[in-house]
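Inspection log for the structure reproduced underneath, given as structure tokens.
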Amino acid sequence: MKLMEYQGKELFKKAGIPVPNSAHAATAADVAAFIRANPGSWVLKSQVFVGGRGKAGGIKFADTAEAATPIAETLLRLVIKNNQAPEGEAVRSILVEEKLDIASEAYLAIMLDRATKRPVFIVSAQGGMDIEEVSEKHPEAIVKYAVDPAVGFQPFIARDLAFAANLPTGYHKAFPKIAQALYELFFSYGANLVEINPLVLTKDGRVFASDAKVELDDNGLFKHPELAAWKNDSPGNDDEAAAVAIGLGMSNYAKLDGDIGVIANGAGLGMGTMDAIRNAHGVAANFLDIGGGAQAALVKKSYALVVSNPKVKALFINIFGGITRGDQVALGIVEALKGDDLRKVPLVVRLTGTNEKEGRAILAEAGMHPVETMDEGAARAVAFAKSSGT
Amino acid sequence: MSIYLDKQSKVIVQGITGREGAFHTARMLAYGTNIVGGVTPGKGGTTAESGKPVFNTVREAVQATGATHSIIFVPPPFAADALYEAHAAGIKLAVCITEGIPAHDMLKVVATTPGMRIIGPNCPGLITPGESLVGIMPGHVFTPGSVGVISRSGTLTYEIVDMLSRAGLGQSTCVGIGGDPIIGTTFVDCLRAFSQDEKTKAIVLCGEIGGSDEEDAAAFIGEHLRNTPVVAFIGGRSAPAGKRLGHAGAIISGNTGTPESKVKAFQAVHVPVADKPSDIAALLKQRLELVGAR
């Protein structure tokens with residue numbers, strides 16, 4: 001689950017990471033009212049999940065309530081686009097934040113590193129909007145430290161990082177405390193990533209987390225029921241919602257561009273099935289992994305989800321049972337095809353592995369005859385989709 | 001010979017009386033796995049459906065049976081605890097089938113359970129064909145032989161092994177290492193074990209988009225396995241960048257974990273990358289003939 005800046009900063013405050021004074025506002029009137037009550041120089045920051053809002057014009061400045069109103073109105077109508085999100089994301093709300101007198105911008109993050117199986121600190125003196133460019137062109141300006149989770153955070157790690165990254169001396173006093181708080185936040189919330197970019201040093205010598213990017217591990221969310229409300233704000237991803245609605249894991253379904261529906265057991269076989277369809281000169285309409293040990297009801301719901309995509313012209317169900325049992329899958333298919341409530345498309349089934357015999361018997365009784373291999377099934381599904389016309 | 005598992009390995013099942021635990025215990029026993037008992041807290045002293053004794057704790061099970069291996073069928077919130085319990089009781093190798101364990105739980109488990117090899121989590125387990133199955137794999141597709149198989153995916157492994165078996169290429173040991181971001185045993189760990197196993201003459205490595213484990217594996221092969229025939233496969237090459245497809249691991253972001261970077265890494269160490277699973281057996285046969293001709 002990704003958090004928006006204002007949500008991340010709420011966690012920062014609890015963890016003791018210094019953040020600028022701010023107020024979270026849903027409307028232009030709220031923004032104006034806050035500035036009227038708190039005279040000063042303020043930054044209006046669009047709240048979205050996508051990155052690149054600064055470059056997209058999503059961050060503006062205002063010194064008075066009168067000036068802030070039209071700016072806030074414009075921001076709240078803005079759609080932020082970047083390379084990863086070409087369709088864009090509408091601005092949801094505004095964080096009104098104290099304008100900082102910036103002397104220096106650094107970068108500080110901690111993330112789960114698969115390769116070392118450790119949390120890794122990443123620090124650079126060259127923070128700000130172009131950190132990715134820094135990492136590409138000046139990798140030496142970025143320093144890392146993999147923490148042994150059995151030892152945990154120790155202050156020397158922060159000193160080591162601060163000196164190795166050549167952070168300006170103004171940071172030195174505050175940095176170890178901030179790094180420790182970041183490490184504790186990372187662990188107590190089970191985060192995949194916590195990033196502060198920029199970590200600002202002001203001209204009067206104060207250090208603030210001026211932005212907050214937090215990504216939590218979905219598998220660990222059950223430990224934090226207090227964050228459940230934020231879950232609803234989390235990116236309006238229809239695929240995730242559709243998957244969860246039928247009882248699949250949230251990353252078990254993804255809609256794609258093609259016209260051949262895919263249902264497989266296991267992510268690897270699901271991806272392999274998409275690859276096989278591509279090899280047969282077709283394009284998958286979706287990725288759907290029924291997971292391990294799916295029962296008949298889930299198979300039927302998965303069928304319904306796939307054919308609800310009007311682009312789907314043929315469906316390939318590819319099952320190689322391990323923990324998933326062939327008879328359960330076959331029962332689900334037969335159930336899905338009963339009655340007229342679900343759209344029928346040409347269907348190719350491949351069913352092998354655990355309880356294969358029982359499953360095939362159920363399909364045979366319903367007049368269905370599975371193909372033997374994944375390549376054969378993919379080729380047949382592609383042929384069905386092509387012959388069905390447009 | 002084989003790696004990690006043979007006919008003598010004494011295995012217990014943590015969660016032996018649960019739905020999946022009971023079902024797969026019966027299948028493992030039918031395969032010939034030396035299952036000596038199981039653990040379900042509160043049901044100690046009873047006998048499981050499979051006829052095996054049930055213990056309240058792993059410690060009791062190990063003391064009574066001398067088990068060295070454990071397979072864990074425990075729901076995600078309790079899986080880390082089950083792994084710690086196995087470690088504390090002296091288990092040497094634990095296979096964790098559970099899907100959906102918090103990554104931070106695994107981070108701590110992996111860092112604090114020295115001396116215990118963990119396979120998984122979110123994996124199909126491991127099998128030494130003809131000897132022992134500690135996992136949820138469909139045993140009948142495997143045949144004894146000399147090809148080592150390592151895979152991040154479960155079901156895709158069955159697919160690949162089925163084709164190897166049909167092509168007459170039996171397997172020494174097959175390890176499903178799991179698809180999660182933090183796993184106990186990596187490609188490199190398995191490659192190192194296979195490189196020291198006399199029975200293993202060739203290796204099939206089934207990777208996936210995302211992460212850098214395949215790149216690390218390629219580097220290891222270049223250094224230590226130059227004379228062993230190896231064929232690789234990368235699942236998810238048709239996946240669009242940025243889409244999260246099932247496995248937490250299989251997500252392409254930035255320039256890391258792309259299929260191109262993985263294919264390039266393997267090609268650099270002369271490991272052919274099969275375009276599709278059905279090409280693997282033929283490619284491996286070619287490599288074996290090349291070695292035989294030398």
Side-chain angles (χ1 to χ4, degrees), chain A residues 84 112 114-115 117-119 132 136 148-150 186-187 190-192 217-223 239-240 249-252 254 256-257 264-272 274-279 283-284 287 289 291-293 318-325 352-354 356 373-375, chain B residues 19-20 23-24 27 76-77 97 99-108 110-112 124 135-138 141 151-159 162-163 179 181-183 206 208-209 211-213 216 235-240 242-251 254 275-278:
Chain A
Q84 268 94 50
L112 263 187
R114 303 169 59 117
K117 300 180 194 176
R118 289 178 172 191
E132 281 169 30
E136 217 167 274
D148 180 347
F186 176 80
F187 263 109
N192 293 327
D217 174 13
D218 294 322
N219 287 342
L221 285 181
F222 71 87
K223 296 181 181 178
D239 292 352
E240 287 185 2
M250 70 180 80
S251 52
N252 285 31
L256 306 167
D257 293 330
N265 63 319
L269 191 63
M271 288 189 280
M274 287 163 51
D275 295 346
I277 288 169
R278 184 199 58 174
N279 288 333
V283 184
F287 163 89
D289 165 16
N318 187 15
I319 304 296
F320 208 126
I323 201 162
T324 302
R325 305 171 200 174
T352 188
T354 305
E356 163 184 338
T373 71
M374 173 156 80
D375 290 348
Chain B
R19 184 172 65 114
E20 298 304 332
F23 179 78
H24 288 283
R27 293 175 63 85
I97 305 297
E99 180 177 352
I101 302 179
H104 278 255
D105 286 4
M106 283 314 299
L107 198 68
K108 283 177 243 172
V110 166
T112 51
I136 57 172
M137 297 143 156
V141 304
S151 175
R152 249 163 89 176
S153 149
T155 45
L156 197 57
T157 316
Y158 315 157
E159 185 76 50
D162 189 36
M163 286 186 271
I182 306 293
I183 50 176
C206 176
E208 242 170 46
I209 54 171
S212 62
D213 290 7
D216 296 344
R237 283 162 79 178
S238 62
K243 281 265 182 187
R244 200 179 175 127
L245 303 180
H247 286 169
I251 179 166
D275 279 332
K276 49 183 194 286
S278 52

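Proteins come first, then strands; the chains are lettered A, B, ... in the order of their sequence lines, and each starts at number 1.
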Find the one option among [options] whose heavy-atom pairs under 4.5 Å with chain A are most numerous.
| options | result |
| --- | --- |
| B:C206, B:S212, B:A103 | B:A103 |
| B:D275, B:I183, B:T157 | B:I183 |
| B:E159, B:M137, B:K108 | B:E159 |
| B:D216, B:V110, B:D213, B:I101 | B:I101 |

For [X], is it the side chain, the backbone, both, or neither that has a heavy atom closer than 4.5 Å to a heavy atom of chain A?
| X | result |
| --- | --- |
| B:R27 | side chain |
| B:E99 | side chain |
| B:P124 | neither |
| B:I182 | side chain |

Go through the atoms of [X] and report whether side chain, backbone, both or neither lie under 4.5 Å from a heavy atom of chain B.
| X | result |
| --- | --- |
| A:D275 | both |
| A:A150 | both |
| A:R325 | side chain |

For each of [options], tally heavy-atom pairs with chain B at distances under 4.5 Å, and name the one with the top tally.
| options | result |
| --- | --- |
| A:G270, A:A115, A:A191, A:A276 | A:A191 |
| A:A284, A:G322, A:G249, A:G272 | A:G322 |
| A:R118, A:R278, A:E356 | A:R278 |

Heavy-atom pair of closest approach, residues [X] and [Y]:
| X | Y | answer |
| --- | --- | --- |
| B:H104 | A:L112 | NE2-CG, 4.5 Å |
| A:G353 | B:P138 | CA-CB, 4.1 Å |
| B:A111 | A:D148 | CB-OD1, 4.2 Å |
| B:L107 | A:P119 | CD2-CD, 3.9 Å |
| B:V141 | A:F320 | CG1-CZ, 3.7 Å |

Can you tell me how far apart CE (A:M374) and CG (B:L156) are? Round to the nearest 0.5 Å.
6.0 Å
Between atom OG1 of A:T324 and atom CD1 of B:I136, what is the distance when rounded to the nearest 0.5 Å?
7.5 Å
By side-chain hydrogen bond (donor to acceptor under 3.5 Å, both in side chains), which residues pair with B:S278, not counting sequence neighbours?
A:D375
Who passes side-chain hydrogen bond (donor to acceptor under 3.5 Å, both in side chains) against B:D105, sequence neighbours left out?
A:K223
Heavy-atom distance under 4.5 Å between the side chains of B:Y158 and A:N265, does that happen here?
no
Test side-chain contact (heavy atoms from CB on, under 4.5 Å) applied to B:P102 and A:D218, A:D217, A:L221, the passing residue
A:D217
